[in-house]
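Below: one structure, written as structure tokens.
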Number of protein chains: 2
Amino acid sequence: MPENEDATPALTREALTQAALRVLERDGLDGLSMRKVAAEVGVKAASLYWHVRNKQELLDLLSDAILASAEPPPRQDDWRAELYAYSASYRRLLLDNRDAARVVAGRLAPGPCLLNLMEDQLDRLRTAGFSDADTAMASYLLGAFVQGFVLQEQSPISAAEVLGTSRRDVADAAGDLFRGLPTDQYPNLSQLADHLTGPDMDARFDFCLNRVLDGLAALLPPERR
Amino acid sequence: MPENEDATPALTREALTQAALRVLERDGLDGLSMRKVAAEVGVKAASLYWHVRNKQELLDLLSDAILASAEPPPRQDDWRAELYAYSASYRRLLLDNRDAARVVAGRLAPGPCLLNLMEDQLDRLRTAGFSDADTAMASYLLGAFVQGFVLQEQSPISAAEVLGTSRRDVADAAGDLFRGLPTDQYPNLSQLADHLTGPDMDARFDFCLNRVLDGLAALLPPERR
DNA sequence: ACCTGAACACCGTTCAAGT
DNA sequence: ACCTGAACACCGTTCAAGT
């Protein structure tokens, strides 16, 4: 029965995925090439195509590997606090892995890790009192919202940022731009400049997530909110 | 004063942007190369770097060009209906331009078109009764939400879809997968399979947007909701 | 001021050939 | 069964050189 008697860990899809994860961390998604992943495992690029159909499939594996380190927050008999913690920790996970949002976004090829997370989240929504239909939709909303938010947060804001300008500097520059607009043509932009560019991403996330949770709460009968 | 006396339209950034737009429509974002854009305007790739710092900057221009066809919905003295229409038409615009969400997402290098849209949307939020701080944040929330949603909607769902499988087929396959899971380990996923994979993207968008709008409404004093 | 040729250092993928 | 060499058809970007 033992198909692999020697200790040398044959080149598996698992090993490939881990190598891809290291390359992603080191060089980012734009620097992630089949050639580099191959080099990382000590093999030539062409060899990868024996284990994996193409680069897309490797990215599917990578996506699930990123989710592997996700940990659901503790149960605490307060659906709203749980879902808040859930979304915040999902955001943290995406922020902590380089370009993670871009890798994961829209890639709903459900790997085992994603399945476990979904199962757990669905359970909390149902016990909170949401109907089956609402539970399914709410789960989609939360996933799409967090991924969308972090995607904005993590992606290069413009050509400027690629060239080394920090996020804060870009925001400040936008603030100056807004303030400098003609007040007759752009009264709102110029007046709201501070509010538009002041809040950092943590504050924005908090605001947005609370609005989404308010919206979900409105689906519940008043006594369960 | 006339710097360009002959009628031949010199190679401008504008012309470049329009060419890029055509290449995007034809070949998608992954097929959009500097070489192809150059060919589209009858020039060699190296020439582009006279007009534009790099590809990122061309993508910034492209992003604003996509927004150029956006039209704010009519005023109708109902903030909720207006914002619904706003978001729905923004989604439409992104869906109608190939890979538009990927081009626009996170690229807040505010071009003139985006500025005009923001100004208009801020105005509606303020007259609806939102505070200045809430107006700024609500505008961010709506933009991030729609972009995040369409990004999921438009991006290849997995290696499978790249190989020609339709979105509906992928969803159906996911449904079969969910239903086939062991009911003791995945009770929620298996029971909610239909709800999770049934609704099409229009229904999902409608649900999610209404939750977001409910959440925003909760910020207003009751009489203005 | 604007464009080109040629080069540099890369890509993803295929496929016959090796072991 | 698994890996390689070599090739194909591409990339973004730079830079001396042309006009």
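Below, chains carry the letters A, B, ... as their sequence lines are ordered, and counting in each starts from 1.
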Where the side chain of B:D200 meets the backbone of B:A203, is there a donor-acceptor pair that is under 3.5 Å apart? yes
Ion pair present between [X] and [Y], side-chain N to carboxylate O less than 4.0 angstrom?
| X | Y | value |
| --- | --- | --- |
| A:E71 | A:R92 | no |
| B:E119 | B:R124 | no |
| A:D60 | A:K55 | no |
| A:E40 | A:R26 | yes |

Structure string for DNA chain C in dot-bracket form, Watson-Crick and G-U at under 3.5 Å, | interchain: ||.|||||...|||||.||
With the side chain of A:W50 defined as its heavy atoms from C-beta on, choose the nearest nucleotide among D:dG12, C:dC3, D:dC2.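 Looking only at side-chain atoms, A:W50 lies closest to D:dC2.
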To the nearest angstrom, how far is A:K55 atom NZ from D:dC10 atom C1'?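 To the nearest whole Å, that distance equals 14 Å.
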Less than 4.0 angstrom between a side-chain N/O of B:K44 and OP1 or OP2 of C:dC3, yes or no? no
State whether A:H51 places a side-chain N or O below 4.0 Å from either non-bridging phosphate oxygen (OP1 or OP2) of D:dC3. yes
Using the P atom as the point on both nucleotides, what is the distance between C:dC10 and D:dA9, in whole Å? 22 Å
A:R211 charged N/C atom sitting above A:F207 aromatic ring, 6.0 Å / 45°: yes
Any cation-pi pair here, B:R91 with B:F205, using under 6.0 Å and within 45°? yes
Near DNA chain C, counting only heavy atoms under 4.0 Å, which residues of residues 20-35 of chain B show up? B:R35
Which residues pass the side-chain hydrogen bond (donor to acceptor under 3.5 Å, both in side chains) test with A:Q185, sequence neighbours left out?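 If we apply the side-chain hydrogen bond (donor to acceptor under 3.5 Å, both in side chains) test to A:Q185, skipping adjacent residues, there are no hits.
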Give me each pair satisfying ring pair (Phe, Tyr, Trp, His ring centres under 6.0 Å) with a member in residues 30-54 of chain A, each pair once, sequence neighbours excluded.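 For residues 30-54 of chain A: none.
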Measure the CE-CG distance between B:M118 and B:L125 for me, rounded to the nearest 0.5 Å.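 Between B:M118 CE and B:L125 CG, I get 10.5 Å after rounding to 0.5 Å.
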Please list, pair by pair, any protein nitrogen or oxygen found under 3.5 Å from a nitrogen or oxygen in nucleotides 14-19 of chain C.
none

What donor-acceptor contacts under 3.5 angstrom involve side-chain atoms of residues 175-184 of chain B, with partners at least two apart or in another chain?
| residue | atom | partner | partner atom | Å |
| --- | --- | --- | --- | --- |
| B:D176 | OD1 | B:R179 | NH2 | 3.2 |
| B:R179 | NH1 | B:D194 | OD1 | 2.5 |

